[in-house]
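What follows is a short report on a single structure.
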Amino acid sequence: MSMNTDWQSLAAPIVVLITVAAFALRSFRKKKRGGGCASCSGGSAKAAFERK
Amino acid sequence: MPEATGESGAGLEPVASTAGETIFAIVGNPNCGKSTIFNALTGLKQKVANYPGVTVEKKEGYTYSQHGKRFRLLDLPGAYSLNARSPDEAVVRDVLLGRRSDTPLPDAVVFVADASNLERNLYLATQVFELGLPSLLVLNMMDVAEEKHWRLDLEKLSQRLGVPVVPMQATAGKGLIELKAAMSRKLEALPQRPPPIPPDIAKALEQTRAELAAAGIVKPSVSLLEPLYLVSDHDPDHYGIRSADLAALDASRKSLEKQFRGWEDSLASARYAAIEEILRETLRRPEKDEATPTDKLDGVLLHPIWGGVCFLAVMLLVFYMIFSVAEGPMDWIDKMSGLFGGWVESKMADGDLRDLLVNGVITGVSGVVKFLPQILILFFFIGFMEDTGYMARVAFIMDRFMGRVGLNGRSFVPFFSSYACAVPGIMATRTIASAKDRLITILIAPLASCSARLPVYALMIAAMFPANGVSSVHKALIMMSMYALGTIGAFLFAWLFNRTLVKGQGSLMVLEMPGYKWPSFKHLCLFMLERAKLFLSRAGTVILGLSILLWAAKTYPKGESTFLLHATVERLEANAKTADGEGSAEYEQALLRKLKEIKASQLANSIAGRAGHLIEPVIKPLGFDWKIGIGLISSFAAREFFVGTMGIIYAVDEDGDNVEPLREKLAADKWPDGRPIFTPLVCLSLMVFYVFAMQCLSTVAVVKRETNGWKWPLFQIGYMTATAYVASLIVYQGGRLLGF
């Protein structure tokens with residue numbers, strides 16, 4: 001294996017681990033905030049047709 | 001059912017406004033054009049959030065006076081009265097009384113009223129003006145009032161109400177300059193006029209105020225209006241009221257009711273009588289109202305038969321447009337992402353990180369993002385139907401069907417909201433007073449085909465007809481039948497739950513029919529822009545993260561095959577360098593076949609592959625293989641990720657020159673015995689599965705919160721998954737028996 005493949009083999013799992021940590025942090029912060037509209041990225045929770 | 005009390009943000013002390021800016025609250029009934037005026041004043045200078053713990057939108061924006069003074073605008077939710085019956089009305093009450101700790105007490109109020117429906121609009125207007133904040137009255141929809149041949153004496157109306165009056169036609173931008181000019185003038189605080197309260201009730205309210213002040217609920221110095229509106233709070237969630245204060249308020253309410261039976265109704269009657277008197281002096285209307293264009297249109301659109309036919313025609317048009325108009329932009333996104341992937345590939349040496357970027361991140365995210373045009377078209381029509389007033393007619397038409405399954409049209413609004421996203425739809429059920437109706441609506445809401453299902457349907461329909469020889473009408477009909485299937489399923493389950501599962505009283509619905517009007521193009525664009533931002537931010541966060549995780553799941557653990565893979569790639573590269581005859585081409589073909597085999601075995605032995613193989617025996621009767629199984633598992637977090645998953649899984653079949661679209665890769669995939677996997681029947685079976693399956697973690701979380709426990713979300717996952725499985729099984733096995 002080349003040097004390039006070596007550092008890439010190391011970098012890819014690090015990216016994956018950072019993603020796992022980000023998801024964990026996100027769910028922890030959501031829990032702390034008492035929820036929110038997860039499906040709408042924490043933005044509008046207004047029903048699309050509900051009211052103007 | 002929950003006894004939740006939204007107390008977040010509620011308090012006795014409002015936050016202070018920023019020096020140098022005037023804070024205007026825009027207040028009005030629903031459907032009076034309030035948001036159109038807010039958008040016209042602020043343009044893109046606005047931000048949208050939620051009031052904490054409730055599905056009520058908090059919209060703020062900025063504009064400037066003609067002399068450059070900054071105005072901060074709060075677009076408060078639509079309300080009918082300060083005697084709150086919903087969290088929306090509770091928010092309006094609390095902001096105007098200065099009871100919210102997260103929102104400053106406004107310096108002035110812009111009250112927007114529908115000029116063609118003044119009796120009802122002036123009910124809230126008079127309540128607001130009595131609070132004494134500097135105010136002005138905007139009479140919107142003057143064109144509709146003129147169509148009815150109504151003549152308003154604006155000067156006299158201004159005198160009687162004690163506030164400046166600005167006539168407007170917001171959808172055409174008429175009156176906007178006059179409104180800004182009126183806002184720029186110094187608005188005087190209104191004299192605190194006594195509300196039309198009989199003296200004996202007023203005396204009892206003074207006593208109530210003293211009691212509430214002693215309990216620390218209000219300040220002793222507040223006007224009688226604050227205890228009045230707190231005692232007459234009928235919001236089922238009592239949003240904005242501390243749970244510790246509920247008992248004292250309830251005792252005061254009971255005491256007042258004991259002394260003056262029906263006192264709230266008599267106060268409302270007195271207010272309507274006062275409004276009638278004002279309108280007698282200020283409004284002239286024809287003896288007999290002529291049929292307006294709205295009445296004529298309603299004759300067709302609300303007709304028992306033609307109304308339904310028109311609704312179906314509108315829905316067919318929506319789905320037709322989704323397929324025909326979106327095709328071009330979707331192809332562009334596809335090509336752009338392909339080019340981008342190719343560029344990254346050319347710039348990086350072969351390795352895991354490159355594979356993660358190209359076959360994980362770019363493939364996964366672009367696989368979902370490419371559906372943005374279709375989602376925008378869907379939301380364009382949703383916004384169009386809402387702004388024109390047609391959505392209220394749809395609710396009326398559907399009320400007949402809802403009635404047959406034991407629900408009413410009030411449940412239809414949250415249910416219909418779920419076609420966009422079940423999460424806000426479920427949160428919107430808080431406006432349903434009956435606990436029984438509310439629970440049933442929560443249970444059936446995720447059966448409405450949300451926008452996250454759209455990419456799955458679109459991919460499966462594309463895989464059904466990979467040759468591009470089928471018209472958009474056919475595709476639209478298939479798509480529409482999936483939406484219809486979800487709706488029928490929801491109604492059937494509502495009927496079933498109503499008879500078996502949930503006990504309790506239903507409730508009646510009063511539905512307001514706004515006049516038809518042309519939608520504001522700007523408002524529609526802002527609405528679509530907002531949805532696009534939400535969709536893209538989701539693609540940039542949740543979908544991006546899931547793509548990385550799925551890539552890891554399909555790549556690890558790395559076994560011996562990895563070394564074989566690298567050796568084969570090196571041999572291929574070496575062969576490419578020395579290739580000069582036909583013999584080496586054959587060798588290259590053999591190496592490519594070997595490469596494909598190694599990649600397939602690597603996928604099969606990965607975490608994702610093992611999980612897919614584990615559930616394959618269960619899903620095989622539905623026509624699904626282990627790769628679809630991986631898609632089903634990964635899309636439990638978010639349905640639309642099924643598309644990204646398929647992109648990532650099928651990226652392993654790519655060799656250097658093979659960049660065919662995903663739909664063609666799916667159509668070409670085969671079982672070990674050579675039969676195609678994605679036959680039209682399997683595609684249909686998979687779509688039916690997604691119609692009924694829960695497959696959304698956010699919805700599970702919100703149902704848990706709204707029902708205060710795990711009982712109902714677990715029941716919901718159970719009944720929806722079982723229905724999805726059985727329905728899919730019937731479609732696949734039934735189809736096979738019929739020879740498909």
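Here is the naming used below: chain letters follow the sequence lines, and residue numbers restart at 1 for every chain. Reckoned from all heavy atoms, side chains included, excluding hydrogens, waters and symmetry mates. Fair warning: this is a prediction, and the values are worked out from it, not measured in the lab.
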*Is the backbone N or O of Met348(B) less than 3.5 Å from a side-chain atom of Gln8(A), with the two atoms forming a donor-acceptor pair by type?*
no

*Tell me, for Ala22(A) versus chain B, whether the close heavy atoms (under 4.5 Å) come from the side chain, the backbone, both or neither.*
neither

*Work out which heavy atom in Ala12(A) is nearest to a heavy atom in Asp352(B); give both atom names and the distance.*
CB-CB, 3.7 Å

*Closest non-hydrogen atom pair, Val542(B) against Phe23(A)*: O-CZ, 3.7 Å

*Given a strict heavy-atom distance threshold of 4.5 Å, which part of Leu357(B) is in contact with chain A: side chain, backbone, both, or neither?*
neither

_Contact leader toward chain A among Leu353(B), Ile548(B), Leu356(B), where contacts are heavy-atom pairs under 4.5 Å_ = Leu353(B)

